[in-house]
Protein chains: 2
Amino acid sequence: MTGSRRPTLSDVAHEVGVSAKTVSRVLNDDGPTSARTREKVMEAVNRLGFQPNLMARNMRRGSPDSTIGLVVPDMGNPFFGTVAGGIEDAVRERGLTLLMGSSAEDPAQERALIETFLSRRVSALVVVPSVGAHHAYLGGVSSGPPVVFLDRPGSGLATDRVVSSNRSGAQEGTAHLLAAGHRRIGFIGDLPAGLYTRRERLAGYRAALADAGVPYDRNLVASGHDQGASAAATEGLLDLAEPPTALLAGNNFTAMGAVTALARRRRKDIALVAFDDLPLAEILEPPLTVIAQDPAALGAAAARTVLARLDGDRTRPRAEVVPTRLVPRGSGELPPR
Amino acid sequence: MTGSRRPTLSDVAHEVGVSAKTVSRVLNDDGPTSARTREKVMEAVNRLGFQPNLMARNMRRGSPDSTIGLVVPDMGNPFFGTVAGGIEDAVRERGLTLLMGSSAEDPAQERALIETFLSRRVSALVVVPSVGAHHAYLGGVSSGPPVVFLDRPGSGLATDRVVSSNRSGAQEGTAHLLAAGHRRIGFIGDLPAGLYTRRERLAGYRAALADAGVPYDRNLVASGHDQGASAAATEGLLDLAEPPTALLAGNNFTAMGAVTALARRRRKDIALVAFDDLPLAEILEPPLTVIAQDPAALGAAAARTVLARLDGDRTRPRAEVVPTRLVPRGSGELPPR
DNA sequence: TTGAAAGCGCTAACAA
DNA sequence: TTGTTAGCGCTTTCAA
């Protein structure tokens with residue numbers, strides 16, 4: 001397995017007794033070759049376990065690598081996994097392979113990963129930008145592959161982007177709680193506070209409050225990035241002197257935290273609407289009302305944009321919004337006590 | 001952004017008025033260079049937006065690409081996302097980048113992805129083999145990168161592997177149900193039936209039954225791959241003439257299906273133990289008892305093995321088993337009615 | 001139907 | 001401290 005040098009085209013050619021170019025022709029179906037030659041070449045290829053060196057091929061051809069680089073902040077979040085699946089399904093038939101790496105929500109790691117992808121000459125880049133990252137360097141004098149920002153707009157680079165309808169979705173979810181009669185509605189948002197999705201969803205929440213003439217109370221805004229911190233933040237809201245009677249959870253992890261906190265406190269009377277769906281939402285008690293995102297559609301939209309750019313689309317940057325959908329299941333319809 | 005040719009080393013060299021080799025020296029910190037030269041070179045690099053072509057560098061150096069290829073059957077499954085995070089954390093400081101792609105549990109796609117990685121000369125390959133895939137081709141005459149199988153052993157290739165303690169874990173979980181007094185215990189397994197983890201866990205289940213002198217009844221074995229199918233399969237078990245009083249769910253998705261089915265039927269009297277933990281396990285009613293896996297540890301173990309091989313370890317293939325842990329939370333302690 | 005020569009962008013080896 | 005030459009493995013171009 002690990003041992004002698006990997007075989008090259010010339011090794012195969014030498015083995016068969018032809019020139020390297022002939023082997024190349026056989027492998028790439030490029031130009032005429034006799035059946036006899038083809039047979040012998042293929043036999044030698046298999047016998048030697050020859051694997052063409054794509055780096056050499058791409059270099060000579062001057063063509064980009066047939067891969068698309070995807071940068072996400074967290075591979076363990078099924079939201080991004082589903083996004084990746086949506087991209088992959090859409091680009092596979094074009095012969096493109098999706099390569100995914102994680103930035104761990106760190107601008108430095110994000111940049112390192114992007115440069116890794118650029119140095120490997122990927123055909124396109126899909127990036128979920130980390131908070132605090134700047135992308136001006138991507139738009140330098142140099143010609144690079146098309147870049148699409150996903151889930152969040154990038155900073156310092158005017159290029160295509162695909163996001164969910166964060167603001168109107170959150171507004172709709174909050175309005176749903178207001179319609180049930182709630183006036184004190186808590187918001188549990190992701191961290192850091194500068195996160196685009198958090199800001200947009202918080203803005204939607206505030207817009208709904210304003211529409212209903214309910215004053216915004218910043219004491220009702222809590223934060224957490226993972227499930228544990230979000231649960232603690234939720235308990236903090238419940239412990240207020242004037243606690244909320246309803247909650248809007250800002251994403252899937254904060255939703256799990258809120259659900260956990262309410263369960264620990266046995267507070268089935270607190271209404272809850274979550275941004276982003278959860279696999280077990282239906283069977284929670286009460287069943288969880290959500291503003292569902294469509295991560296596979298986000299991925300597919302990004303892929304379509306990428307393919308259009310690769311096909312020569314030179315129009316100005318697109319900003320696509322994938323709609324969210326309110327799914328009432330019960331937890332958002334509870335009245336205030 | 002997309003336009004003129006990407007700048008090369010020579011472009012930079014020409015711009016500064018030095019040779020390509022000097023620019024190379026500056027960029028790679030290889031050999032002496034004057035401060036003045038370094039300055040001018042870096043300035044030109046930034047101005048032109050030069051990105052070194054890693055394909056060319058790797059080719060010339062004859063070194064493999066500083067990436068590790070990871071092949072998983074499903075990017076949307078957080079289990080594999082967490083595994084990937086475990087690998088990444090362990091290899092990052094060695095300067096290796098993790099590239100993940102999906103086989104969609106299809107041997108043909110798996111092979112295509114592996115060949116893609118091999119053609120790009122990755123430093124190592126970590127593979128979660130699809131059912132029905134054979135890997136003899138990886139062990140050919142040729143020298144290739146180290147390969148580690150993860151979560152499941154590969155077929156046709158004797159190489160390193162890292163798996164969970166599937167059999168003993170399932171045995172322990174089943175024994176837990178038997179200890180609570182259950183004698184009719186259903187098993188809901190992943191599909192296809194040939195899947196290694198399913199077979200191992202089923203074997204553990206059967207071993208526990210045998211230890212307790214309880215006859216194995218194949219009518220109590222049901223199957224599903226996703227949450228919906230697993231829920232339907234669970235309902236099928238509940239509709240038997242002699243239904244089970246307890247269930248063992250074979251993985252995270254079947255667990256969510258079983259939980260869903262029991263909730264729909266309002267059967268809080270049915271005991272349940274699930275293989276693999278769930279984020280909301282604690283707050284289900286009753287709280288879900290699980291045989292927890294440690295996906296990050298699986299990834300870390302695979303990474304350690306990879307690094308050892310890259311460091312020249314030529315000993316015979318390792319078979320590492322990452323232990324599972326029974327976490328009693330309530331659902332497995334319910335007595336039979 | 002096949003081969004020879006050149007060169008993609010970079011770095012090793014040597015020379016200056 | 002810097003430059004020149006050659007060559008990594010492949011494909012393009014041209015010739016046979």
Side-chain angles (χ1 to χ4, degrees), chain A residues 4-42 44-45 48-66 115-116 118-122 142-144, chain B residues 4-42 44-45 48-66 115-116 118-122 142-144:
Chain A
S4 54
R5 202 173 51 79
R6 310 270 285 261
T8 71
L9 251 198
S10 321
D11 294 333
V12 176
H14 197 84
E15 195 77 6
V16 179
V18 295
S19 75
K21 177 64 215 183
T22 298
V23 177
S24 169
R25 267 195 271 262
V26 170
L27 291 177
N28 296 299
D29 233 350
D30 161 41
T33 46
S34 79
R36 179 93 188 86
T37 305
R38 243 170 300 152
E39 222 169 80
K40 286 196 298 185
V41 166
M42 291 316 294
V45 162
L48 298 179
F50 170 74
Q51 293 272 359
N53 186 328
L54 262 192
M55 299 193 284
R57 172 184 297 175
N58 290 334
M59 202 169 56
R60 176 63 248 232
R61 287 202 184 146
S63 55
D65 192 21
S66 58
E115 302 207 316
T116 286
L118 291 177
S119 291
R120 288 176 176 81
R121 299 296 186 260
V122 293
S142 79
S143 77
Chain B
S4 56
R5 202 173 49 77
R6 308 272 283 264
T8 70
L9 250 198
S10 322
D11 293 334
V12 176
H14 196 84
E15 195 77 6
V16 179
V18 296
S19 76
K21 178 64 211 183
T22 298
V23 178
S24 168
R25 267 194 271 262
V26 171
L27 292 177
N28 296 297
D29 233 348
D30 162 41
T33 47
S34 77
R36 178 94 188 85
T37 305
R38 245 171 299 153
E39 223 168 80
K40 287 197 297 182
V41 165
M42 292 316 293
V45 161
L48 297 180
F50 169 74
Q51 293 275 357
N53 186 327
L54 260 194
M55 299 193 281
R57 171 185 297 173
N58 290 333
M59 203 168 56
R60 174 64 248 229
R61 286 202 184 146
S63 56
D65 192 22
S66 58
E115 302 207 316
T116 285
L118 291 178
S119 292
R120 289 177 175 80
R121 300 294 187 261
V122 292
S142 79
S143 77

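Just so it is clear: chains get the letters A, B, ... in the order the sequence lines come, proteins before strands, and each one is counted from 1. Source: prediction; values computed, not measured.
The nearest whole Å value for the distance from the NZ atom in Lys40(A) to the C1' atom in dT2(C) is 12 Å.
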Indicate every side-chain donor-acceptor pair of residues 56-64 of chain A with a distance under 3.5 Å to a residue at least two apart or in another chain.
residue  : atom : partner  : partner atom : Å
Arg57(A) : NH2  : Asn28(A) : OD1          : 3.3
Asn58(A) : ND2  : Leu54(A) : O            : 3.2
Asn58(A) : ND2  : Asp65(A) : OD1          : 3.1

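Screening residues 11-24 of chain A for salt bridge (charged side-chain N to carboxylate O under 4.0 Å, His left out) gives Arg5(A)-Asp11(A), Glu15(A)-Arg47(A), Lys21(A)-Asp30(A) as the qualifying pairs, with residues at least two apart or on separate chains.
Thr22(B) and Ser19(B) share a donor-acceptor pair across their side chains, judged by distance under 3.5 Å alone. Donor-acceptor pairing under 3.5 Å is lacking for the side chains of Thr33(B) and Arg25(B). Neither side chain, Ser119(B) nor Thr116(B), offers a donor N or O lying under 3.5 Å from an acceptor on the other.
OP1 or OP2 of dG3(C) lies within a sub-4.0 Å distance of a side-chain N or O belonging to Thr22(A). Listed pair Ser34(A) / dT2(C) meets the phosphate criterion, a side-chain N or O lying under 4.0 Å from OP1 or OP2.
The overall bend of the helix from dT1(C)-dA16(D) to dA16(C)-dT1(D), read as the angle between its terminal helix axes built from five base pairs each, is 30° when rounded to 10 degrees.
Across all strands shown, Ser19(B) has heavy atoms under 4.0 Å from base atoms, whether or not it also approaches the sugar-phosphate.
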Which letters describe nucleotides 9-16 of chain C, given B = protein heavy atom under 4.0 Å from base, S = only from sugar-phosphate, - = neither? BBBBB---

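The side-chain contact (heavy atoms from CB on, under 4.5 Å) test applied to Ser10(B) returns Thr8(B), not counting sequence neighbours. Shown here are the side-chain hydrogen bond (donor to acceptor under 3.5 Å, both in side chains) partners of Glu39(B), two or more places apart in sequence or in another chain: there are none.
Nearest approach of Ala20(B) to Leu9(B), heavy atoms of both residues: O-CD1, 3.9 Å.
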